[in-house]
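Here, residue 1 is the first one in the sequence, and each next residue gets the next number. Keep in mind that the numbers below use all heavy atoms, side chains included, and drop hydrogens, waters and symmetry copies. Each ligand, and each atom within it, is numbered from 1 in the order the structure gives.
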Amino acid sequence: MPQNTLTVIDNRTGKTVEFPIHNGTLGEPAIDIATLYSELGCFTYDPGFVSTASCKSEITYIDGDAGILLYRGYPIEQLAEKSSFLEVAYLLIYGALPTKDELHGFNAEINRHSMIHEALRNFFNGFHYDAHPMAMMVGVVGSLSAFYHSELNIKKKEHRRISALRLLAKMPTIAAACYKHSVGMPFIYPHNDLGYCENFLNMMFSVPAQPYEVNPVTARVLNLLFILHADHEQNASTSTVRMASSTGANPYACIAAGIAALWGPSHGGANEAVLKMLADIGDVKRIPEYIARAKDKNDPFRLMGFGHRVYKNFDPRATIIRNACHEVLQELSCQDPLFDLALELEKIALEDEYFITKKLYPNVDFYSGIIYKALNIPNNMFTVMFALARTAGWVAHWLEMKADPLQRIARPRQLYVGLDKRDYIPIEQRRAQG
Ligand code: ACO
C-alpha cells in the first residue's frame, strides 16, 4: 500500500477510498479530500475551519504549540529586531529580503503612489463627523476601484503588482484622513522625504498652523508594531480577502472585505476592546470579579486579548510587544496605570486553572492598545492601525492566490438541517410564529 495516504472505509456501503496526504515543508500534513464528494457522496463538516487547510501557501508559518511565527522562513523575533516594515512588506510580497537597490526602488514606488485622488478626499465629507474610522476605511478603500479602471485587469501580472503597491502606499494616507475627518481637522498630504511610519505619523498629527516633528521613538515603535501585525497566514480577514478574490473581484474590493472582517472584536477589533475592558476594570481590586466573569459559562464576557485559535502555548508577538511596552512607556515618560493593571491581570490569569487548562495566553492585542495609547493614537484608530499593517499580508496572499493556476472560486457546501420541502400557505391561513 502506498504511503502518505489515508484509507477511509464507508461503513454505509463498505467502499474503501484512499486519499493522498500532502506534506508541507513544515507543520502538520493535510489530507487531500478534493475527491471525497465524487467518491463517497458526502462532505466534511468543520465549523470554524478548525481542521481545514484552505490553500497551499509559501508566505507565513505558525507553530502554535511552540510559539513560532515565520515570515517567508524568517523568525518574527529577528525581523522585529532588525528589519523595517517596508522591508518586511517586500519580503512578504516578493518572497526574499530586498537588496539595498531593491529596497530603494520599492520605497520610491510606494512613495510615488502615496497620494490619493482629490475626488476621493471628498468621499470623507459624506461621513458623519463621529463615524467610526473603520467604517470609513471599508468604504474608502473599496471605492479605490472606481479610480483605476485602466490598471484593473487582474489577469495581467503588472496590473496586479501595481494594485498591490497602490494599496500599501495609500493605506497610511487614507487611515490618517479617517482620523483627521473624525476630529474635524484638515487632511495633510504625504511627504515623500519621510519614511513609511514617519509619513503616517506626520499625516496623523501635524497641522498646517504649526511645525511638527516626528518623534523617532514613536516612529520606531510603530515600525515594530507594523512588522508584528504584517501577516498571520490564513486568519479570518486574510481568508476573507482570499474568498472575495476567488470570485475575480478587484483587489480594492477584496481588501475592503478583509478590513470589514478584521473589524470584529474576535479578530482585529480586540485591541480596542482590551483598552475598554481595562478601563472598565479600573482597579486591580476588581480583577478577580472580571476573571470570575470570564470563567462563567452564563456570562458572555471574555478576557479580551486572551486566547488564540492557533497559539496554544504563547503568542510570540505578545512577548515582543510586552517587552516593548516597558521600554516605550519609559522612553516616552508615560506612566499608564492601565499598563500596571494589564500586567496584574496577565499574572492572575496565567496562574488561574481555567486559563491554564484551556491554554489561554495573552495574544498580540493584549498589549498593542497600551502602546498605541502611549503614542497618542485614539482608541477607535487601533483597528485601523492593524488594518494598515495587515495590508502587506493581505496583498501578498492576494498576489500568491492570483498566480496559482489551481485557484477556483471558493464555494463551501453545508449540512442542511432546515425543514423538508413543504407547500406555500396563503397569508390568511398562516398562524403567528411567536
Ligand atoms: N476569555 C475567557 N474564556 C475564553 C477566552 C477568553 N478570552 N477565549 C476562549 N475562551 C474559552 C471559551 O469559552 C471556550 O471554553 P469551552 O471550551 O469551555 O467552551 C474555550 O476557551 C475555547 O474557546 P473558543 O472560542 O472555542 O476558541 P476559538 O479558537 O474559536 O477562539 C478567540 C479564539 C476568538 C481568539 C477567543 O480566544 C477569544 O474570543 N478571545 C478574546 C478576543 C481576542 O482577544 N481576539 C484577538 C485574537 S488575535 C487576533 O485576531 C490578532
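Aromatic ring pairs are classed by plane angle as parallel below 30°, tilted from 30° to 60° and perpendicular above 60°; the pair Tyr252 and Tyr148 is tilted. Below 30°, between 30° and 60°, or above 60°: for His232 and Tyr311 the angle between ring planes is between 30° and 60°, a tilted geometry.
For the pairing with Phe85, the ring pair (Phe, Tyr, Trp, His ring centres under 6.0 Å) check across Phe200, Tyr71, Tyr196, Phe106 returns one residue only, Tyr196.
With respect to the salt-bridge test (charged N to carboxylate O, under 4.0 angstrom), the residues Glu400 and Arg242 qualify.
A heavy-atom cutoff of 4.0 Å around ligand 1 is satisfied by the protein residues Pro265, Ser266, His267, Ala270, Ala294, Lys297, Arg302, Leu303, Met304, Gly305, Phe306, Gly307, His308, Arg309, Tyr354, Lys358, Leu360, Asn363, Val364, Asp365, Phe386.
Residue Pro133 comes nearest to Val384 through the heavy atom pair CB-CG2, 3.6 Å, listed as atom of the first residue, atom of the second, then distance. The two atoms that bring Phe355 and Ala349 nearest to each other are CB-O, 3.2 Å, heavy atoms only.
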